[in-house]
2 protein chains.
Amino acid sequence: MARRSATAAAVCEELSLSYVESPTRCGTCAIRHKAICAALCADEISALNRLSRRRSVPAGQTILGEGEAHTIFANIVSGVVKLTKTLDDGRQHIIGLLFASDFLGRAFRRDNPYFAEAATDVELCIFPAAGFEKLLPDHPGLEHRLFQFTLSELDACQEWMLLLARKRAEERVASFLLMIAKRVPNMDCLHTENPGGVRFQLPLSRAEISDCLGLTIETVSRQMTRLKTKGVIELVNYREIVIPDIRALQQAAYEASPA
Amino acid sequence: MARRSATAAAVCEELSLSYVESPTRCGTCAIRHKAICAALCADEISALNRLSRRRSVPAGQTILGEGEAHTIFANIVSGVVKLTKTLDDGRQHIIGLLFASDFLGRAFRRDNPYFAEAATDVELCIFPAAGFEKLLPDHPGLEHRLFQFTLSELDACQEWMLLLARKRAEERVASFLLMIAKRVPNMDCLHTENPGGVRFQLPLSRAEISDCLGLTIETVSRQMTRLKTKGVIELVNYREIVIPDIRALQQAAYEASPA
DNA sequence: CCCCCCCTTTGACCCAGATCAAAGTTCACT
DNA sequence: AGTGAACTTTGATCTGGGTCAAAGGGGGGG
């Protein structure tokens with residue numbers, strides 16, 4: 001097991017996948033992400049512990065309504081949260097996915113420009129926004145970390161814009177699967193004999209995937225079939241996927257090979 | 001003139017356009033944006049003044065190469081900067097535009113994931129990154145402002161994702177023109193008799209607009225013609241545009257009226 | 001003042017992906 | 001286990017916008 005993980009870690013390193021042996025959780029405080037905690041002093045940690053409160057949200061439930069004054073700021077402990085925007089006539093798009101260790105909500109903002117919903121069962125560690133914000137000014141280290149996270153979010157968002165603007169359907173689907181493979185935290189399910197292979201559950205339905213990629217359900221389905229035919233992916237069932245060789249998927253994500 | 005501007009301001013308010021009488025420049029320090037300066041103390045302002053340095057960049061010149069370790073952090077004094085990303089095979093997309101008072105560069109980051117180029121003649125107020133970053137930890141107010149700006153950038157980026165994923169060509173072009181109308185700072189050119197009307201120069205060529213919208217040059221051109229035919233816009237020449245009624249444009253930006 | 005180059009528009013045709021329709025799976029619930 | 005509803009796949013057809021090609025402007029330089 002340890003040996004297998006070591007191999008997996010090496011493969012992930014080589015392929016610039018962000019391999020996570022087990023999700024990083026700080027032993028001392030309520031926050032999921034060790035990096036945050038590293039920036040905090042003991043006082044801050046105990047203050048956060050006093051503030052925080054756990055909440056479980058079943059799949060499909062709304063966490064935060066679009067345009068609602070938002071009152072929570074939370075760290076995601078497990079599960080996947082989807083952030084969506086909708087045009088008046090119903091056309092909708094998923095503008096972001098949040099995974100374990102990500103933050104939901106915006107410090108110092110009273111409105112939220114999107115709709116947040118649990119895509120899978122989600123466990124949250126909630127900080128009431130008001131109390132949290134009172135804490136922040138005295139602890140610039142914490143705000144600095146959040147700032148850096150927001151910059152990463154912006155990077156991801158801009159990368160995704162390139163996908164939406166210029167990639168073909170097959171590349172989009174491959175890119176999506178790659179992104180999920182990178183972020184689904186439990187990578188213990190890497191193939192034993194095949195160190196480059198991964199097996200995982202899709203956190204989204206086909207309809208949600210199409211809302212992520214700016215495509216229709218049918219196109220997503222067809223492209224999945226296409227990738228399956230090419231041998232790039234295997235479908236265990238609708239939700240469970242095996243990627244025999246991540247490199248092939250990476251190639252599919254960046255090459256528009258017509259015919 | 002004052003009266004006309006007052007009307008214009010009222011109209012912009014009504015239409016939720018960000019009307020700017022004249023670009024906000026702080027009288028005391030080198031930074032373009034008064035809001036930033038409001039967060040600074042006298043020490044900070046003089047420190048920034050010592051750090052900053054002016055630079056003019058002619059249209060078309062590269063300011064920052066993609067992937068280059070970046071060494072500058074700058075406030076844009078005038079002109080428009082475009083940020084682009086490119087796929088290996090040459091497909092390219094403009095992921096963002098920066099206008100007067102915006103910031104270019106990322107504090108505490110050593111790499112930049114995009115390519116920055118002057119779209120028009122640009123005047124920059126440059127802070128060498130190293131010196132600037134040394135200043136930041138002692139002045140959390142400044143970092144707080146930058147954080148808030150980054151959140152706004154993220155908002156804009158997510159809004160744009162919805163455009164790329166779900167809007168039709170005509171809506172995209174209308175949305176683009178609306179965005180430019182909102183951000184081109186010199187709005188003194190509002191129509192005298194027609195308070196809802198605006199006249200301005202496009203900072204981008206058709207090719208650049210198509211790279212913004214995930215379309216081709218031809219489609220952008222066709223949709224511009226279409227909007228002209230409908231009377232939503234008037235083309236003075238290739239670069240100069242008159243919008244007789246902003247409301248009509250706003251409607252075109254959100255309604256996919258097929259035929 | 002004219003010419004040339006580059007940007008833009010217009011036209012003709014095509015195709016990737018949307019739309020419409022129907023059949024096949026999966027899984028929760030009785 | 002049986003049943004139904006929701007999700008997914010597959011097929012047939014259509015179309016918005018891409019591609020290829022050629023004909024206008026506009027503006028800077030001679």
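Hydrogens, waters and symmetry mates are skipped; everything else that's a heavy atom, side chains included, is used. Residue numbers begin at 1 in each chain, while the letters A, B, ... track the order of the sequences.
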Item to check | Distance, rounded to the nearest Å, where B/Leu215 contributes CG and C/dT8 contributes P | outcome: 15 Å

Next on the checklist: Strictly below 4.0 Å, N to O, side chains only: are A/Lys85 and B/Asp155 in salt-bridge contact?
Outcome noted: no

Checklist entry - From D/dT10, D/dG17, C/dG17, pick the nucleotide closest to the side chain of A/Ser221? => result D/dT10

Checklist entry - In whole angstrom, what separates A/Leu235's CG from D/dT9's P? => result 7 Å

Checklist entry - What one-letter contact string describes nucleotides 21-26 of chain D from 5' to 3', where B marks a base within less than 4.0 Å of any protein heavy atom, S marks contact via sugar-phosphate atoms alone, and - marks no contact? => result ---BS-

Checklist entry - Quick one: A/Leu204 CG to D/dT8 C1', roughly how many Å, whole number? => result 15 Å

Next on the checklist: OP1 or OP2 of C/dA16 versus the side-chain N and O atoms of A/Arg168: is any pair under 4.0 Å?
Outcome noted: no

Item to check | Sugar-phosphate, base or nothing in reach of A/Thr216, heavy atoms under 4.0 Å | outcome: base

Validation: residues 214-221 of chain A side-chain donor-acceptor distances under 3.5 Å, sequence neighbours left out:
unit_1	atom_1	unit_2	atom_2	d
A/Thr216	OG1	A/Thr219	N	3.4
A/Thr216	OG1	A/Thr219	OG1	3.0

Checklist entry - Want to settle it: does B/Ser205 or A/Lys167 sit nearer the 5' end of DNA chain C, counting the closest nucleotide to each? => result B/Ser205

Item to check | Lys NZ or Arg CZ of B/Lys167 over B/Tyr254 ring: under 6.0 Å, within 45° | outcome: yes

Checklist entry - Between A/Ile209 (CD1) and D/dT9 (P), how many Å, whole number? => result 9 Å

Checklist outcome for this item: Those residues at least two apart in sequence (or on a different chain) that pass side chain to side chain contact (heavy atoms under 4.5 Å, CB included) with B/Glu240 are B/Arg199, B/Gln201, B/Val236, B/Asn237

Checklist entry - Does a side-chain N or O from A/Thr219 land closer than 4.0 Å to OP1 or OP2 of C/dA18, or not? => result yes

Checklist entry - In whole angstrom, what separates B/Ile217's CD1 from C/dC7's P? => result 9 Å

Checklist entry - With sequence neighbours left out, what residues match B/Glu123 under side chain to side chain donor-acceptor pair (under 3.5 Å)? => result B/Arg54

Checklist entry - In whole angstrom, what separates A/Lys228's NZ from C/dT25's P? => result 11 Å

Next on the checklist: Taking the basic N atoms (NZ, or NE/NH1/NH2) and the acidic carboxylate oxygens, is any pair closer than 4.0 Å for B/Arg183 and B/Asp102?
Outcome noted: yes

Checklist entry - Any ion pair linking A/Lys230 and A/Glu170 (charged N to carboxylate O, less than 4.0 Å)? => result yes

Checklist entry - Between atom CD in B/Gln223 and atom C1' in C/dT9, what is the gap in whole Å? => result 13 Å

Next on the checklist: With each end axis built from five pairs of C1' atoms, what bend angle do you get for the helix from C/dC1-D/dG30 to C/dT30-D/dA1? Round to 10°.
Outcome noted: 40°

Checklist entry - A/Arg222 has a side chain; which of C/dT10, D/dG11, D/dT9 sits nearest to it? => result D/dG11

Item to check | Charged N-O contact under 4.0 Å between A/Arg166 and B/Asp211 | outcome: yes

Checklist entry - Rounding to a whole Å, what distance do you find between A/Arg172:CZ and C/dG17:P? => result 7 Å

Item to check | Those residues that, when tested against A/Phe103, pass ring pair (Phe, Tyr, Trp, His ring centres under 6.0 Å) (two or more places apart) | outcome: A/Phe73

